[in-house]
Amino acid sequence: KDLDKELTEAEAEEKHAQADYEKMMSESASKRSADTKLLAEKSATKAEMEGELEAHKEGKESATREHMATMKYIQSLHAECDWLVQYYDVRKEARTGEIESLQKAKAVLSGADFSLLQK
């Protein structure tokens, strides 16, 4: 009787263990399936983000080149302005001298005599 009872208990335990094993295998399969799906989604997201990163790198490189060209242009304008400011007085005197010379030439052509003024 004890042997029958032990066999019955052993069979019940084995059925229970078999059910637990099948449940665990089913859960593992569904987890593997979910993990595979998640991995595929993450791989697609990673590929998309790498593409975006590459596009942003190219955009940054282009913007950097444009910025450098703009800064070079600003530097040339600054140098030109510095030169204009530095030689403003000299250029002003030269313009004034030219205007006076043109006025004298015009007056001479109109018949004025400057020979008396030069003595």
Backbone N/O of E66 and side chain of T70: donor-acceptor pair under 3.5 Å: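 Flag set: sc T70 to bb E66 pair under 3.5 Å.
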Donor-acceptor contact below 3.5 Å, side chain S33 vs main chain A29: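 Flag not set: sc S33 to bb A29 has no pair under 3.5 Å.
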Over 12 non-hydrogen atoms of neighbours within 6.0 angstrom of CD in E9: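 Result for CD/E9: enclosed.
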Between [X] and [Y], is any pair of side-chain heavy atoms under 4.5 Å apart?
X	Y	value
R95	R91	yes
R65	E61	yes
E54	E50	no

Within one Ile-Leu-Val-Met-Phe-Trp-Tyr cluster: L84 and Y87, side-chain cutoff 4.5 Å: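 Same hydrophobic cluster.
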Test side-chain hydrogen bond (donor to acceptor under 3.5 Å, both in side chains) applied to E22 - qualifying residues, sequence neighbours left out: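 side-chain hydrogen bond (donor to acceptor under 3.5 Å, both in side chains) list for E22, sorted by chain: Q18.
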Residues that K15 engages under side-chain hydrogen bond (donor to acceptor under 3.5 Å, both in side chains), provided they are two or more places apart: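 For K15, no residue satisfies side-chain hydrogen bond (donor to acceptor under 3.5 Å, both in side chains) once neighbours in sequence are set aside.
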Nearest 0.5 Å please: distance from the [atom1] atom of [X] over to the [atom2] atom of [Y].
X	Y	atom1	atom2	answer
I99	K106	CD1	NZ	12.5 Å
T96	E98	OG1	CD	9.5 Å
M25	R32	CE	CZ	6.0 Å

Pairing residues for E93 by the salt bridge (charged side-chain N to carboxylate O under 4.0 Å, His left out) criterion, not counting sequence neighbours: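 Scan of E93 (salt bridge (charged side-chain N to carboxylate O under 4.0 Å, His left out), adjacent residues dropped) gives none.
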